[in-house]
Visitor: 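My questions will all concern the structure given below.
Computation of the quantities below employed the complete heavy-atom set of this structure, encompassing side-chain atoms and omitting hydrogens, waters and symmetry-equivalent molecules. Residue numbers count from 1 along this sequence.
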Amino acid sequence: MGTAVSVRRERCAVFTVGYLRVVGLVDLLGAVWVSFGNDIRRHDVDEYFTPYLLTAGYTPAFLALFLAVTMRRRKRAAWLLNLVLAGLYLLFLAAATAVPEVRGHPQNWVSLGITAAFCAALLAGRRAFRAKGDPANPRLAAAVAVGGVAAGGLLAAGLVTVTDTGHGSTFGERYAYAMLRVVSLANAGESFPGISAPGWVDVVINALSAVLFLLVLYAAFRSPRGRELLGPQDEMRLRALLDRHGERDSLGYFALRRDKSVVWSPSGKSAIAYRVVGGVSLASGDPIGDPEAWPGAIGAWLAEAREHAWVPAVMGAGEEGGTVYARHGLDALELGDEAVVEVADFTLEGRAMRTVRQAHHRIGRAGYTVRVRRHEDVPEREMAALVERADRWRYGQTERGFSMALGRLGDPADGRCVMVECADEGGEPRALLSFVPWGRHGLSLDLMRRDRDSDNGLVEFMVIELIRRAEEFGVERVSLNFAAFRSVFERGAKLGAGPVLRMWRALLTFFSRWWQIESLYRANAKYRPVWEPRFLLFEKGGELPRIGLASARAEGFLAAPRMPSARR
């Protein structure tokens, strides 16, 4: 019985979303197709009425389509707004049909029936709309509305002033003319006979009004930002899980980033660290903790995402974690491979290692030296100097990294991390690498910085020296960079590769001119590593562009636009 009720409730919710999509598309078509739009308007004047939100125009089209998106994400505020607007319109239609002139038109009864069906579906599917909004949304929407109307009115008044050919009005009248069109889209020409503005000015003001309307809607329905970041208590519990289960995933330590939030399984034996970016709940790597408790953590994470209308996504999950995520309804897309060097199997001998061997010998003959220490063994003053150099050697102003970067250097809590420093023959520091613990017997690359004036091959020299000294630190395996689309470059270059694979490889090679795609693969492949596949997990294919933007923002490749302030 409960299952049947849930199915019926979901079908009603789907119907409301479908109705808003259809109405939005019809309104949009009526706005761009003049004859069709005029036909709709003829059926929406005097004693004729159309169903809820059905009228030709850009603003009602954007409103319907926006509400369809928010209803699809099951936002409670969107459901409430639709119920109020549709309910009031239904009462108005019911009262209007009592008038003989209105009652005599079959179209009005059809409109009444369709609107009533939409309201009934809203009520029947009410429990499907549980997603919460940000408590600050009403205040933000009001501020956007007030500020937008004031700024839009001044901008529109200035445009009318510049283009007015009537020259018989004051600035106050022009401002009132502009404000009337911004707020209501009404034809203000009859009320202000002294103003004669070109038709395109009214179109621009109307477009400005539509943009302002959408901004107010976005502010009113935006998802919460996930401000409860990782606290000391959660960090301590995560470190305890990593001590017991940290060997499973090389990305586990990166869950300790303090710009992430954490959700726990009911037993507390597993957790998922995530960050909300642009309405996407972005996790990385496999869940932390006991694999038997992973389903509980995944279920709690997905439930929280649905509660706040976040899009769930996982970057860089391994095969084991990806399999468990897939059992909870997520689809998988292979992103690339992680390069893992097994210390016991690594050697510089053989023809395949000739390039690396030559680079290592050349840098060594040039007088470069390497020092390897745990962070906890680096004096505080030296660590401060290393942090300063790392910032100075960073390419660009943005600190990049999310799924495979800790986002900090020199924190006392990260004492088990390993620092690899390289100095030239004069003792001047030229490069540094920082690795985070991967369980008790592994390291995972976190930070790689070098002086741009240093010799090529310096990083290879440092990695090899670390591997040679790995036994001193009890290290058995080292995780290096992630190579995106590694299999495409490898298989696409082989004899007999198909045309689609060759075209895909050529496309990636082209984009490698701006992004380090192929170069990262080549840089990792020279160590002859074991390749561990990594996956992107997602619920719906249509959300992939949004997930891609959120991932790029989290990794530091894209920056969200910000309003200027006095401090910036």
Visitor: Distance only, no hydrogens: is a donor on one side chain within 3.5 Å (strictly under) of an acceptor on the other, for S403 and R275?
Guide: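 No, no side-chain donor-acceptor pair sits under 3.5 Å.
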
Visitor: Which pairs of donor and acceptor atoms, one on a side chain in residues 473-482, lie under 3.5 Å apart (sequence neighbours left out)?
Guide:
| unit_1 | atom_1 | unit_2 | atom_2 | d |
| --- | --- | --- | --- | --- |
| R477 | NH2 | E247 | O | 2.9 |
| R477 | NH2 | E247 | OE1 | 2.9 |
| S479 | OG | E338 | OE2 | 2.3 |

Visitor: With a 4.5 Å heavy-atom cut-off, do P287 and V324 have their side chains touching?
Guide: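 A side-chain contact is absent here, since even the closest heavy-atom pair is not under 4.5 Å.
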
Visitor: Excluding sequence neighbours, so at least two apart, what forms side-chain hydrogen bond (donor to acceptor under 3.5 Å, both in side chains) with R365?
Guide: none

Visitor: Not counting sequence neighbours, which residues clear side-chain hydrogen bond (donor to acceptor under 3.5 Å, both in side chains) with S434? List them please.
Guide: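 In terms of side-chain hydrogen bond (donor to acceptor under 3.5 Å, both in side chains), with neighbours along the sequence ignored, S434 is linked to H375.
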
Visitor: Within a reach of under 6.0 Å around CZ of R392, are more than 12 heavy atoms found that belong to other residues, nucleotides or ligands?
Guide: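 Counting neighbours around CZ of R392, more than 12 heavy atoms of other residues, nucleotides or ligands fall under 6.0 Å, so yes.
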
Visitor: Distance from E428 atom CD to S454 atom OG, nearest 0.5 Å?
Guide: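 If I round to the nearest 0.5 Å, the distance is 11.5 Å.
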
Visitor: Relative to each other, are the rings of F461 and H360 parallel, tilted or perpendicular (30° and 60° limits)?
Guide: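 Taking H360 first and then F461, their aromatic rings sit tilted (interplane angle of 30° to 60°).
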
Visitor: If the condition is side-chain hydrogen bond (donor to acceptor under 3.5 Å, both in side chains), which residues does D331 pass it with, not counting sequence neighbours?
Guide: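 side-chain hydrogen bond (donor to acceptor under 3.5 Å, both in side chains) list for D331, sorted by chain: empty.
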
Visitor: Mind checking what makes side-chain contact (heavy atoms from CB on, under 4.5 Å) contact with V211, not counting sequence neighbours?
Guide: L215

Visitor: My understanding is that only residues two or more places apart in sequence, or in another chain, count here; which of them pass side-chain contact (heavy atoms from CB on, under 4.5 Å) with A309?
Guide: R73, K75, A131, S223

Visitor: Applying side-chain hydrogen bond (donor to acceptor under 3.5 Å, both in side chains), can you list everything that pairs with H245, at least two apart in sequence or on another chain?
Guide: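 H245 satisfies side-chain hydrogen bond (donor to acceptor under 3.5 Å, both in side chains) with no residue once adjacent residues are dropped.
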
Visitor: Validate the cation-pi geometry between R74 and F129: distance from NZ or CZ to the six-membered ring centre under 6.0 Å, angle to the ring axis within 45°.
Guide: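 Checked: cation-pi criterion met.
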
Visitor: Residues two or more places apart in sequence or in another chain: which of them pass salt bridge (Lys or Arg N to Asp or Glu O under 4.0 Å) with R546?
Guide: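 Once residues adjacent in sequence are excluded, R546 has no partner under the salt bridge (Lys or Arg N to Asp or Glu O under 4.0 Å) criterion.
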
Visitor: Indicate yes or no: at least one non-hydrogen side-chain atom of W310 is less than 4.5 angstrom from one of Y274.
Guide: yes

Visitor: Under the salt bridge (Lys or Arg N to Asp or Glu O under 4.0 Å) rule, collect the residues that match up with D424, sequence neighbours excluded.
Guide: R430

Visitor: Exactly one of E465, E471, E472 should register a side chain to side chain donor-acceptor pair (under 3.5 Å) with R469. Which one does?
Guide: E465

Visitor: For a 4.5 angstrom cut-off between non-hydrogen side-chain atoms, does M419 reach L386?
Guide: yes

Visitor: Strictly by modelled atom types, are D249 and W438 linked by a side-chain donor-acceptor pair under 3.5 Å?
Guide: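 Note: D249 and W438 side chains miss the donor-acceptor criterion.
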
Visitor: Please, which pairs that meet salt bridge (charged side-chain N to carboxylate O under 4.0 Å, His left out) have at least one residue in residues 303-324, sequence neighbours excluded?
Guide: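 Listed once each, the pairs are K132-E307, R248-E320, R306-E539.
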
Visitor: Would you indicate whether R374, at its atom CZ, is surrounded by more than 12 heavy atoms from other residues, nucleotides or ligands within a distance under 6.0 Å?
Guide: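 Counting neighbours around CZ of R374, more than 12 heavy atoms of other residues, nucleotides or ligands fall under 6.0 Å, so yes.
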
Visitor: Does atom CZ of R373 have more than 12 heavy-atom neighbours, drawn from other residues, nucleotides or ligands, at distances under 6.0 Å?
Guide: yes

Visitor: With a 3.5 Å cut-off and sequence neighbours excluded, list the donor-acceptor pairs that the side chains of residues 237-244 form with protein atoms.
Guide:
| unit_1 | atom_1 | unit_2 | atom_2 | d |
| --- | --- | --- | --- | --- |
| R239 | NE | E235 | OE2 | 3.3 |
| R239 | NH1 | Y253 | OH | 3.1 |
| R239 | NH1 | A413 | O | 3.3 |
| R239 | NH2 | E235 | OE2 | 3.1 |
| R239 | NH2 | A413 | O | 3.4 |
| R239 | NH2 | D414 | OD1 | 3.2 |

Visitor: Looking at residues at least two apart in the chain, or sitting in another chain, which of them share a salt bridge (Lys or Arg N to Asp or Glu O under 4.0 Å) with K540?
Guide: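 Once residues adjacent in sequence are excluded, K540 has no partner under the salt bridge (Lys or Arg N to Asp or Glu O under 4.0 Å) criterion.
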
